[in-house]
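Here the structure comes first, spelled out in structure tokens, and everything after it is commentary.
This one's a predicted model, so the numbers in the text were calculated from it and none came from an experiment.
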Amino acid sequence: MERYVKQSEHRMSLENKAIDSGIKNSARGQVFAFILALVTILIGAFLIYLDKDTLGITAILGALASLVGVFIYGNKSKKDERIKKARANPEP
């Protein structure tokens, strides 16, 4: 019986490590996305400053559009996953 308890504790430990790793990866991705968007917007602003209005505005709008697109896609994916789990595990 003790063997099963140890196995259960080991499994829970692995699950906790996987969850913590996912949280760290998500936070790191958000930081990198912010830096990339900020750099792209600054380059766009610099292009506008150099009288390259079309290129500058395109860079800024492209960066903002990609951030909005990723946000919408992420929210939709999470919602679909919650619905799928709810269907798989209906409450009594």
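Hydrophobic clustering keeps Phe34 apart from Leu64 (ILVMFWY residues linked when any side-chain heavy atoms are closer than 4.5 Å, directly or through intermediates). Connection of Ile35 to Ile43 is established within a shared hydrophobic cluster, with ILVMFWY side chains joined at heavy-atom distances below 4.5 Å, either directly or through further cluster members.
Two residues are said to be in side-chain contact when any heavy atoms from C-beta on lie closer than 4.5 Å; Lys84 and Arg87 fail this criterion. Using a 4.5 Å cut-off on side-chain heavy atoms (C-beta onward), Ile83 and Lys79 make contact. For the pair Glu15 and Arg11, the minimum side-chain heavy-atom distance is below 4.5 Å.
No donor-acceptor distance shorter than 3.5 angstrom exists from the side chain of Ser26 to the backbone of Gly22, with no hydrogens or angles considered. In this structure, Ser8 contributes its side chain and Tyr4 its backbone to no donor-acceptor pair below 3.5 Å.
Partners of Asp80 under the side chain to side chain donor-acceptor pair (under 3.5 Å) rule, at least two apart in sequence or in another chain, are Lys76.
Here CD1 of Ile19 is found 11.0 Å from CG of Leu14. Values are rounded to the nearest 0.5 Å. Considering CD1 of Ile72 and OG of Ser77, their distance stands at 11.5 Å, rounded to 0.5 Å. Expressed to the nearest 0.5 Å, how far OG of Ser21 lies from CZ of Arg28 amounts to 7.5 Å. Atoms OG1 and CD1, from Thr58 and Ile48 in turn, are 9.0 Å apart once rounded to the nearest 0.5 Å.
When all heavy atoms of Ile41 and Ile60 are compared, the pair lying nearest together is O-CG1, 3.9 Å. Looking at every heavy atom in both residues, Ala37 comes nearest to Leu67 through CB-CD1, 3.4 Å.
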